[in-house]
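Throughout, protein chains are lettered first and strands after them, A, B, ... in sequence-line order, and every chain is numbered starting at 1. Because the structure is a prediction, the values reported are computed rather than measured.
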4 protein chains.
Amino acid sequence: MTKEIIKGIYTPNVVPFHDDHRINEGELRRYVSWLIDKGVTGLYPNGSTGEFIRLSFEERLRVVEIIADETKGRVPILAGAAEPNIAMVLEACKRYADLGCRAVSVTGPYYFKVSQQSIEHYFRELAAKSPIDLVLYNIPQFSNEISLEVVKRLASDCPRIVGIKDSSRDMPRFMDTLNEVKPLRPDFSCLIGTEEILLPVLMMGADGGTIATSGVAPEAVMKLYNSFLKGDLAEAKRIQFKLLELIKTMFAAGNFPEGFREGVNLRGFNTGRGPQPMSPHEMEHFNAISTKLACLLTECGFQEAAKSCQAAKPDVAAMLARINKRVP
Amino acid sequence: MTKEIIKGIYTPNVVPFHDDHRINEGELRRYVSWLIDKGVTGLYPNGSTGEFIRLSFEERLRVVEIIADETKGRVPILAGAAEPNIAMVLEACKRYADLGCRAVSVTGPYYFKVSQQSIEHYFRELAAKSPIDLVLYNIPQFSNEISLEVVKRLASDCPRIVGIKDSSRDMPRFMDTLNEVKPLRPDFSCLIGTEEILLPVLMMGADGGTIATSGVAPEAVMKLYNSFLKGDLAEAKRIQFKLLELIKTMFAAGNFPEGFREGVNLRGFNTGRGPQPMSPHEMEHFNAISTKLACLLTECGFQEAAKSCQAAKPDVAAMLARINKRVP
Amino acid sequence: MTKEIIKGIYTPNVVPFHDDHRINEGELRRYVSWLIDKGVTGLYPNGSTGEFIRLSFEERLRVVEIIADETKGRVPILAGAAEPNIAMVLEACKRYADLGCRAVSVTGPYYFKVSQQSIEHYFRELAAKSPIDLVLYNIPQFSNEISLEVVKRLASDCPRIVGIKDSSRDMPRFMDTLNEVKPLRPDFSCLIGTEEILLPVLMMGADGGTIATSGVAPEAVMKLYNSFLKGDLAEAKRIQFKLLELIKTMFAAGNFPEGFREGVNLRGFNTGRGPQPMSPHEMEHFNAISTKLACLLTECGFQEAAKSCQAAKPDVAAMLARINKRVP
Amino acid sequence: MTKEIIKGIYTPNVVPFHDDHRINEGELRRYVSWLIDKGVTGLYPNGSTGEFIRLSFEERLRVVEIIADETKGRVPILAGAAEPNIAMVLEACKRYADLGCRAVSVTGPYYFKVSQQSIEHYFRELAAKSPIDLVLYNIPQFSNEISLEVVKRLASDCPRIVGIKDSSRDMPRFMDTLNEVKPLRPDFSCLIGTEEILLPVLMMGADGGTIATSGVAPEAVMKLYNSFLKGDLAEAKRIQFKLLELIKTMFAAGNFPEGFREGVNLRGFNTGRGPQPMSPHEMEHFNAISTKLACLLTECGFQEAAKSCQAAKPDVAAMLARINKRVP
């Protein structure tokens, strides 16, 4: 009994918080259901957008538990399981398997620099012991790179490892991945995590992507994807370019993933602020970006954002009060 | 009287040398004519592949002189003019204008780190004084990056600057370039210098590229480009993927651009070796790669390479003797 | 009632593990008491050498609990508290204050890139809420750099922040730190975390260091420090140079801090292996380095290491069996 | 007949220019004689401070010719010869040998990334053919690093290579260099190029340094050096710290080495501006820094700078006019 290749658009969710720093379970449920209603292929909790690194182990488990419970099997879940050591990764794997997730994704080790040999050995150990399919998560900006040579050997030898999510922003490498891994293992899923090049990689043979923008504008990203599937490249291209400014604006908000969280906010969810505070001066910039973002979203036809677009002068004092209250 | 936008495939030539380190003018002429016969859109001397940095000023001028003389206007020439200071860049510009080149390309300053403001000021000065069109050459691996913000301001303000050749390997940035520069200046040429992603950027709207592989396999690269122009994306895609291994092998030879030079060698030209010697141990690796390269080229149907593919055991001693003689 | 400036040599301990991955409390206690007996100034648990990032939150708390209990106030403890978010850092601070630690050290946020403004804001929040003194831990190799400008502002404004431990390996920066922070706040402790330059920075005015090598050869490091205090620079210099090869060998073992852990092993403690496994091929290299390390330690007069030095042919199979059993 | 080890303080000169971009020979001569009068050990033309990379080959040769002629053997000359290829390096070596220079210094190849094996091979070739002693110039910020392993092999095998000038800012590496190269070759000169750590490395055994600040405040740097030689570490330390702000200010001027050139200006020489222009906005910042620099120099007792310190409001318009005229 073989499982299907992982394909399509998986949405990395931001985590909504209460002002007292607890996960806002109600909003997380409402948000996840909204994403499913909008047609995203699957969900991707505990990725970088989900700030796994800033949550406790228990909070990470809880996020997946809530999402699995809310999803009730309507869409597949790819759950981030980049825990600090092998034992904890495997503990998370077991939990996510029990919750019915489709697979887990695991970054290369972070903080310390680790050799490619150690990284390969690390994933082989995980593959040998995991009760659930694994997706390699390559994000060399933040954690140790998983080299293409290692990916090829793991894809050849480890049936448990079923794909790679590549957020390296390195399209030449992704081209090589398609060219060198697919012939070894046609069912190895090649997913992109770099939104700016979603359409180019789809056109070259990618299986899909984990696209943070699909958490803010799921309608647009799914329209891009579905246009691509139908062969309407002109329409897909038009949307891809239109998304670029949105993406850039959310990155420009500073303190990733706050811009993406704000995008979700502007779509009508009460996300609160993330665990990493910004300085008052950064908040001024953030608020200006938020207004710009609201206007971009309004232009895209998302009427929820319209009132924030009109509010040309955001109440900085009130927002600062809100942010300051948020800090523990 | 306005000039047409620069588009198509420009071929960066390697420079053939005699054993005594002088430029091999005869082979350079023969090589250039062969490239033109194979249908490349234009020529691109004194880029990184042409090792401008390892030649003297006089040699750089001479390379363009030879190529212009041999070309006799059959194809346009985009000449690298990344000289050490503004006065010398302008001297080169004047010479290349007199030789009838279409434009010159200039990198950001190299060696020292220079601010984006200084880089912008540098190009504004060049644009104000140059008698020939300028193309920005972005290659942050080797010289100071030219940021997209600077590119946008220069494109808006300086008619003399007519395009960018981007070798940064950064496709998200190239997407942003297309999205943000083209609306400001539709005739601003966006050329890619990263061979692995030629087709993806063409599909997204690039005007062409400076593609080192087109100096080794011009038939294949031009077929890719022409297939793209005819709308045969399947064929273009097939070729793009086929080229990946060739590109990777030439990079794997070490000591860029020696692998590309060897490719030209295997196509039947006597290129000699470049100015930067390799160690004997590296030469062994190089020779193994050369054999692999010969076999790849033979597979592509380039029969000149066949005999080097059959030579499974290259005569290392002879080649070392040759390389050692080459070093001054 | 003001506390004294933190000075002297603080020893970052490796954490000994049982084969089943649990912390080996008995050996940790025995090791810590041995370090105190050898005369180290203080202890520094949960630093990079203590692999805080690879432990669970509970294990990190437990490590400090064990050490505080074993130390019984004989030496001060500087406890690493680089937790994933402000709430967890403060929770750790409270625990370590209750345990009688002298101060905690906190790195800049890791994984994500964070702006200097956010980092400053982060430490201001911590300083405002922490019940225990804070030491900034600058280690830009692994976590976001804390810029000197931020250090200066924090030192000026936050009495709770009492020092910096700098592991950046950047001596020019450390010189600037001494020159610019000390005049603002003479009691601000400037500690080095780069063993290779301990004596140079002491000579220039550093207050001490957190020196991983003092966990392996505390006699030598303390002799260096005490020679420096007595004004015997020649002897201090001799020891500093002698330590360089030892340090380099421990780094050369790969997979930091395994070389340092092995050094502790060779001094007679059963440290087990760390949470990050090495490949079998890396283990071969590791074993060769271990033998070299044993010989270096024997040369230094540490007789416990002598038998491992004589063992010219380490039993790789046995060691691999051991390491493999260790992996969960 | 063996030559003495290179030791002491070598001063890298900035190059004064006329407004029309030609080298100002008169000021260069006057400046060099002033430096010799102030007691610097030797001169170091065509280093990074001398902007070798921004001059033509002929200008580089001319700079050394002028300096050698002016020096007339009063002090030794270490001449930068980092030319684009081996043939040109050797041509420069021959010229500098004929001019009576003590040695030449050569960086690793720049622009392209080159392997350590190729770099080693490159220096072996140079050592075999050069008619003058060679000093390795390690400055990985701008050119390929020369690894310590390569330095050790070259020091062991090549009598022509007599030292290393290390500007990497990496003090741990410099410690290792002293520890590992000196025993192999006691007469191998270990010179620092990082001004901020001159005294620390002298105390640890360095032979001297190439110190750009000694081109601006030769009195202070030579007093530091001579205090060190006399064993007056307290005085040497006092000066080293005093120099830090001066150094930082000159770096802060932007567009290295413009701050150092301005320092020479303020000492009473007409240096003009360098080949790399700054933007008008950067010039405003530069002028503010220049005033600060003047005041620092005045504080040091250099009365020539006093009038520029008093000029609290520099005439930006006039200076911009000057800078703009300067650009070719």
Undergrad: Can you tell which of Leu178(B), Asp170(B), Asp176(B) has the highest number of heavy-atom pairs within less than 4.5 Å of chain A?
TA: Asp176(B)
Undergrad: Please report the interatomic distance OG(Ser105(B)) to CG(Asn46(B)), rounded to the nearest 0.5 Å.
TA: 8.5 Å
Undergrad: For chain B, which candidate among Met171(A), Gln240(A), Met204(A), Lys237(A) shows the most heavy-atom pairs at distances under 4.5 Å?
TA: Met204(A)
Undergrad: Begin with the C-alpha distance, continue with both residues' side-chain angles, and end with the deciding distance and a verdict on salt bridge (charged side-chain N to carboxylate O under 4.0 Å, His left out) for Glu262(A) and Lys292(A).
TA: CA-CA 11 Å; Glu262(A) 185 68 3; Lys292(A) 182 180 172 190; over 6 Å; no
Undergrad: In this structure, are over 12 heavy atoms from other groups packed under 6.0 Å from Lys152(B) atom NZ?
TA: yes
Undergrad: Would you check if the side chain of Glu284(A) reaches a backbone N or O of His281(A) as a donor-acceptor pair within less than 3.5 Å?
TA: no
Undergrad: What part of Ile247(A) lies closer than 4.5 angstrom to a heavy atom of chain B: side chain, backbone, both or neither?
TA: neither
Undergrad: Can you tell me how far CD1 of Ile239(A) sits from CG of Leu198(A), rounded to the nearest 0.5 angstrom?
TA: 10.5 Å
Undergrad: Taking heavy atoms only and a threshold strictly under 4.5 Å, list by residue number the residues of residues 179-196 of chain B that touch chain A; give 'none' if the list is empty.
TA: Asn179(B), Glu180(B), Thr194(B), Glu196(B)
Undergrad: May I ask you to list the residues in residues 248-257 of chain B that approach chain A closer than 4.5 angstrom, counting heavy atoms only, ordered by number?
TA: Lys248(B)
Undergrad: Give me the contact list for residues 206-229 of chain B versus chain A, heavy atoms only, anything under 4.5 Å, ordered by residue number.
TA: none
Undergrad: With sequence neighbours left out, what residues match Glu145(B) under salt bridge (Lys or Arg N to Asp or Glu O under 4.0 Å)?
TA: Arg173(B)
Undergrad: Atom OH in Tyr110(B), atom CD1 in Ile139(B): separation rounded to 0.5 Å?
TA: 12.5 Å
Undergrad: How long is the gap from CZ on Arg153(A) to CG on Leu148(A), to the nearest 0.5 Å?
TA: 10.0 Å
Undergrad: I'd like to know whether CD of Gln116(B) has more than 12 heavy-atom contacts from other residues, nucleotides or ligands below 6.0 angstrom.
TA: yes
Undergrad: Please determine, among Leu233(A), Ile197(A), Val201(A), the option with the most heavy-atom pairs under 4.5 Å with chain B.
TA: Ile197(A)
Undergrad: Is there a donor-acceptor pair closer than 3.5 Å between any side-chain N or O of Thr41(B) and the backbone N or O of Ile9(B)?
TA: yes
Undergrad: Under 3.5 Å, is there a donor-acceptor pair between the side chain of Glu258(B) and the main chain of Phe286(B)?
TA: no
